[in-house]
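Take a look at the structure below.
In the text below, chain A, chain B and the rest are named by the order of the sequence lines, each starting its count at 1. No experiment lies behind these values; they were computed from the predicted model shown.
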Amino acid sequence: MPATIPKHPEVNMMNPSIPLPPAPAEHDKTMRKSDPSTGHGDTQPAIEVAGFDAWYGDFHALKNMNMVIPEKRITAFIGPSGCGKSTFLRWINRMNDLVPSARAAGTLKLHGQDLLDSSTDVVELRRHVGMVFQKPNPFPKNIYDNVAFGPRLHLRMSRVELDQVVEQSLRSAALWDEVKDRLKSPALSLSGGQQQRLCIARAIAVGPSVLLMDEPCSALDPRSTAAIEDLMAQLRNDYTIAIVTHNMQQASRASDYSAFMYQGELIEFGDTEQVFTMPRNEQTQNYITGRFG
Amino acid sequence: MTAINPQPAVSLPRGRPKSKILRRVRESCIMAGLIGCGVFSIATTLTIIVILSVEALRFFRLDEVSFWGFISGTKWSPLLGAEKHFGVWPLICGTLLVTAVAMAVALPLGLITAIWLSEYAKPKVRAVIKPVLEVLAGIPTVVFGFFALTVITPGLRWLHEGFGVYNAASAGLAVAVMCLPIVTSLAEDALRAVPRSLREGAFGLGATRFEVAVKVVTPAALSGIVAAFLLAIARAVGETMIVALAAGASPSLTLDPRSEVQPMTGYMVQIFLGDASNYGAEYYSSYAVAATLFLMTLLLTLIGHRVRVRYRQVYE
Ligand SMILES: Nc1ncnc2c1ncn2[C@@H]1O[C@H](COP(=O)(O)OP(=O)(O)O)[C@@H](O)[C@H]1O
Ligand SMILES: [Mg+2]
């Protein structure tokens with residue numbers, strides 16, 4: 001479908017006169033493998049995590065996490081409910097600032113920038129780190145205004161430019177064809193799967209480089225889930241994606257790397273194929289084969 | 001009909017069965033009680049409407065009164081002078097003037113306070129202020145009336161000598177103070193009912209706290225906010241003690257808040273409590289005024305209902 005995924009979405013959207021790069025070639029998974037724990041190989045590190053701890057009040061929610069999330073790859077986070085997956089994602093865009101009792105320590109860096117530093121501008125950070133939530137949460141506005149919400153906050157642009165951003169974002173989220181004739185109808189009139197893709201379009205429209213997806217398919221039917229997975233496959237060349245999922249098949253088919261967490265600890269992190277076929281840790285083995293969790 | 005008698009799959013302690021007849025009797029009693037209460041409140045309302053209509057009609061059938069003169073007249077002088085005039089507009093004007101002053105202050109201030117409480121204030125601060133607001137909403141309005149006479153009016157007259165001893169602005173400001181807790185409390189409820197997921201969605205796009213409050217939360221709570229506004233307007237229109245004490249008793253067709261006016265409720269108090277007879281045109285005229293006031297608040301209620309239906313957001 002959409003052959004025009006902007007390589008540098010932000011640049012292209014601010015200057016629509018710059019022609020878009022040609023469509024990226026079909027992603028070839030085998031060409032891209034490397035050991036993410038070292039950050040070496042053909043990938044660049046996007047998010048570096050070292051000795052990272054997080055708390056809610058006295059509750060120690062994340063314990064000494066160490067990992068490097070590679071750039072422009074899909075990293076899946078799996079693990080039983082309550083093991084801290086959402087907590088980790090919500091620290092990457094500092095969403096946990098909204099939780100008064102939440103606190104964190106250690107190293108959490110995005111492209112070298114320390115995210116926990118008090119000088120980090122969270123508004124700016126969240127422009128670069130988009131988030132998609134478990135339950136689709138479109139604003140009670142029309143479809144167009146939902147997608148245009150972020151650009152209107154951050155960018156001064158003409159009506160024509162804004163139209164282009166909205167169209168491109170909806171195309172990137174594989175929703176354009178379904179809604180192009182009713183951009184002014186309420187977002188809440190869309191189906192659940194369409195609403196979730198709208199939320200992805202809304203996040204993309206701001207021009208992020210990282211997308212955090214917290215169980216984006218758990219409230220969706222199988223067809224919508226398939227649509228979102230196709231979409232992720234198309235976005236993987238341009239965005240660093242961290243996705244939480246309870247669906248083992250989804251993790252194994254849609255991600256490049258997988259991280260297994262248990263009770264606040266990162267138990268295993270590696271190449272998805274390796275984690276799912278030859279897990280090094282017994283707990284991982286038990287979890288992916290469905291023996292607990 | 002065969003009795004339903006399932007065999008439980010797992011055998012648990014069975015105890016003794018509850019009496020089915022007793023349960024049925026209890027259900028019937030509760031049903032009858034509920035219907036009784038419903039009928040009672042509907043009957044009271046209908047009685048009031050009937051009395052209002054009958055007495056208002058009696059007024060319009062009097063010789064010195066004409067219906068047309070009532071709804072189009074611009075002079076209201078039922079008590080003084082040789083010739084009595086029953087043109088309702090000066091009274092409506094008094095009501096609207098006081099309400100306008102009150103709402104110009106109470107609505108924006110109430111909404112801003114509500115946004116601050118819901119989106120900015122720390123939970124501890126909110127936990128203190130919310131109950132205080134609800135207590136303020138329960139203060140008898142006669143207190144606000146005295147407050148208007150003894151504090152607001154002298155203050156206004158000190159600021160500007162054009163203000164009369166009785167004036168619409170003073171009454172309006174006191175009504176604003178009276179309405180402020182209601183507007184704030186109800187608007188805050190509406191804002192807080194907006195799901196957290198919408199706020200997080202907006203924060204996630206890099207919106208500031210202010211942008212989240214103004215561009216997402218407030219529009220999403222619009223129907224509740226408008227309902228709060230309309231309730232406040234209805235209370236202001238119907239407010240009696242404050243205007244009877246502070247607005248004055250001379251009906252005049254004016255838009256100047258510095259001048260003395262007489263709102264509709266003020267006139268009714270004057271007739272029922274004052275030295276007017278309880279027969280004759282001036283007595284029955286208060287029923288006609290009451291009916292007019294009733295129609296105005298009914299209109300507000302209907303508008304409020306339309307707005308709620310039109311803008312209601314359903315969050316599952
Ligand atoms: N706002 C919060 N306040 C207190 N504890 C929380 C909060 N959010 C999550 N937790 C706790 O932190 C732990 C991890 O939660 P979460 O990150 O949501 O798990 P997951 O997404 O893996 O299911 C859970 O035990 C949960 O109860
Ligand atoms: Mg979670």
For this session: Below 4.5 Å from any heavy atom of chain B, which atoms of A/Val132 appear? Answer side chain, backbone, both or neither.
Result: neither
Exercise. How are the rings of A/Phe77 and A/Phe88 set to each other: parallel, tilted or perpendicular (split at 30° and 60°)?
Worked result: tilted
Problem set entry | Partner chain B: residue of A/Leu212, A/Asp97, A/Leu153 with the largest heavy-atom pair count (under 4.5 Å) | A/Leu153
Exercise. Measuring heavy-atom distances to chain A, does B/Lys215 have an atom under 4.5 Å in its side chain, in its backbone, in both, or in neither?
Worked result: both
Exercise. Would you call B/Lys130-B/Glu188 a salt bridge at under 4.0 Å N-O?
Worked result: yes
Exercise. Does any heavy atom of chain A fall under 4.5 Å from the side chain of B/Arg196, the backbone, both, or neither of them?
Worked result: side chain
For this session: Tell me, for A/Arg202 versus chain B, whether the close heavy atoms (under 4.5 Å) come from the side chain, the backbone, both or neither.
Result: both
Exercise. So which of A/Arg94, A/Met95, A/Gln134 has the largest heavy-atom pair count under 4.5 angstrom toward chain B?
Worked result: A/Met95
Exercise. Which word best sums up how the rings of A/Phe139 and A/Phe149 line up, parallel for under 30°, tilted for 30 to 60°, or perpendicular for over 60°?
Worked result: tilted
Exercise. Any Lys/Arg nitrogen of B/Arg192 or B/Asp189 sitting under 4.0 Å from an Asp/Glu carboxylate oxygen of the other?
Worked result: no
Problem set entry | Salt bridge B/Glu27-B/Arg23, side-chain N to carboxylate O under 4.0 Å | no
For this session: Would you mind telling me which of A/Val147, A/Leu188, A/Asn146 makes a side chain to side chain contact (heavy atoms under 4.5 Å, CB included) with A/Lys141?
Result: A/Asn146
Seminar exercise, completed: Bottom line for A/Pro138: the part with an atom under 4.5 Å from chain B's heavy atoms is backbone
